Amino acid sequence: MSNSISTKLEVTKAKSTRINEVDFDNLGFGKYYTDHILVCDYKDGSWTMPKILPYQPITLEPSAKIFHYGQSIFEGMKGYKDADGNILLFRPLDNCRRFNISAKRLAMPEIPEEYFMEGLKTLLQIDSDWIPTKEGSSLYIRPFMFATGEGFHASPAEEYKVIIALAPSGPYFSGKVKVLIEEHYSRAANGGVGFAKAGGNYAGQFYPTQLAIEKGYNQVIWTDDTSHEFIEEAGAMNIFIRINDTLITAPTSDRILDGITRKSIIQIAKDMNIPVEVRRIKVQEIVEASENGTLKEMFGAGTAAVVSPISGFGYRNKDYDLPESNETYASVLKKRITDLQTNKADDPYGWRVQL
Ligand code: PLP
Ligand code: COI
């Protein structure tokens, strides 16, 4: 990749920093934003050179198509700093490519990879003081694109904006996660946009998730929209199930996000000689495994969630608890993936990118 973009990037620095307002010991998730953002506009059929600007509000026309037809996509990535102060990213090109896969599905323009990658790297270098180093914390990176072009005609906009914003963050979940297996509402349908990181996929989950939260659960696990018999994924993470010693996860499809953490965990687990099956799994199989004692673990995997152990699940008005154990695949795999991400282990895969 050339460095040509980074040298042409226009940078306007913030007049002062807000970093002193942040309590780095109590970050929460995605609540504080760094001093700068990357902004790149699409108009007249092409992308303008990305710019780094001070973090600031955006002004849009009421007729901007984002408000009416929901052309909005995003990504989630993390930046880390190792013990020597090197800035690290994890498989960033995969996020860039998935961003463009999402863009295509929503009839939005694809951004050139070097604009995304070089722009992101420059932004991270400028705001590098904001990268938390406390264990479990990182700089959450949120690239997003939305339709700024105007008109009430229900057709794709002609203008778009990409922004990358950064948020020093702690863990997404504060404790173990209790999930509700959903069989009425659906997150995604065949031929739909479930595989894309489209904002609307998340909006559609909020109401059923609120109902689940009222019943004492943290997240919904979605089942397939046709039979509701098969496990798909959770609201913000892919799902792994351990029955006896085998780790099982659903195959990706046009209803399921092709999670970067998921595919990394599959690879890492195989290399640790953990038997892995990528196959459809029925809720009934999990219920039976819970009843006969062979269901050992369930956990979610995602950028924000990292590896989040599930303490129990609800299904058809009954709660099933997962056994407690000190030797879980979740803890071994979480350690391995975070060691790779933060340069505490050699990376035989070439996944870590040092700036
Ligand atoms: N599934 C959904 C619906 C998500 O929002 C996420 C989060 O990005 C994931 C899965 C996990 O994907 P990744 O590991 O690429 O973050
Ligand atoms: C991520 O893990 O990066 C996500 O996008 C999940 C998000 C909804 C917080």
Side-chain angles (χ1 to χ4, degrees), residues 27-33 72-80 89-102 105 120 136-145 164-174 177 179 182 185-189 192-206 208-209 218-225 231-240 249-269 278 298-308 310 330 333-334 336-338 340-341 349 351:
L27 286 170
F29 182 86
K31 290 198 311 195
Y32 301 103
Y33 315 104
S72 157
I73 58 164
F74 71 97
E75 265 305 321
M77 324 167 60
K78 279 179 175 172
Y80 313 88
L89 290 165
F90 187 70
R91 309 187 78 170
L93 200 52
D94 293 45
N95 290 95
C96 174
R97 293 192 171 143
R98 192 171 64 188
F99 194 59
N100 280 338
I101 289 171
S102 301
R105 179 61 183 83
L120 171 60
S137 299
S138 58
L139 189 67
Y140 186 72
I141 302 169
R142 174 51 65 86
F144 55 108
M145 188 199 314
I164 304 182
L166 309 173
S169 294
Y172 191 71
F173 296 111
S174 42
V177 187
V179 294
E182 177 63 61
Y185 296 102
S186 299
R187 173 185 178 277
V193 295
F195 66 92
K197 268 184 95 72
N201 284 341
Y202 297 80
Q205 303 188 119
F206 289 164
T209 305
N218 308 95
Q219 283 253 305
V220 167
I221 293 198
W222 301 101
T223 50
D224 70 286
D225 64 304
I231 293 285
E232 301 249 287
E233 65 174 325
M237 51 195 192
N238 296 108
I239 293 293
F240 285 83
T249 192
T252 53
S253 68
D254 57 6
R255 300 182 307 273
I256 298 183
L257 192 80
D258 185 4
I260 294 158
T261 318
R262 171 188 173 279
K263 66 184 179 188
S264 307
I265 292 283
I266 292 172
Q267 181 72 53
I268 291 170
V278 177
M298 287 172 68
F299 58 86
T303 299
V306 194
V307 172
S308 290
I310 290 171
L333 292 165
K334 180 176 180 181
R336 180 79 180 124
I337 196 165
T338 49
L340 288 168
Q341 288 164 334
Y349 308 105
W351 288 339

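Keep in mind that what you see is a predicted model, and the values were worked out from it rather than measured. Hydrogens, waters and symmetry mates are skipped; everything else that's a heavy atom, side chains included, is used. Just follow the structure's listing: the first ligand is 1, and inside any ligand the first atom is 1.
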One finds that the ligand 2 atoms under 4.0 Å from a non-hydrogen atom of K197 are 4 (C), 5 (O)

Out of Y202, F74, Y172, F90, the nearest non-hydrogen contact to atom 4 (C) of ligand 1 is supplied by Y202

Query - R262-ligand 1 polar pair, N/O distance under 3.5 Å - result: no

message: Using modelled atom types and a 3.5 Å cut-off, is there a donor and acceptor pairing between side-chain atoms of Q341 and backbone atoms of Y80?
response: no

Legend entry - A301 touching ligand 1 at heavy-atom level, < 4.0 angstrom: yes

| A236 heavy atom under 4.0 Å from ligand 1 | yes

Going by the 4.0 angstrom heavy-atom rule, the piece of E233 near ligand 1 is side chain

Of A304, G302, G235, the residue with the heavy atom nearest atom 3 (C) of ligand 1 is G235

- Does any N/O atom on T303 come nearer than 3.5 Å to any N/O atom on ligand 1? yes

If you compare E75, M237, R91, K197 by their heavy atoms, the one closest to atom 7 (C) of ligand 1 turns out to be K197

Judged by heavy atoms only, the candidate from I260, N201, L257 nearest atom 13 (P) of ligand 1 is I260

For Y172, the atoms of ligand 2 under 4.0 Å from one of its heavy atoms are 9 (C)

Does K334, at its NZ atom, have more than 12 non-hydrogen atoms belonging to other residues, nucleotides or ligands within less than 6.0 Å? no

Of A305, G199, A304, the residue with the heavy atom nearest atom 2 (O) of ligand 2 is A304

Within 4.0 Å of some non-hydrogen atom of F74, the atoms of ligand 2 are 5 (O)

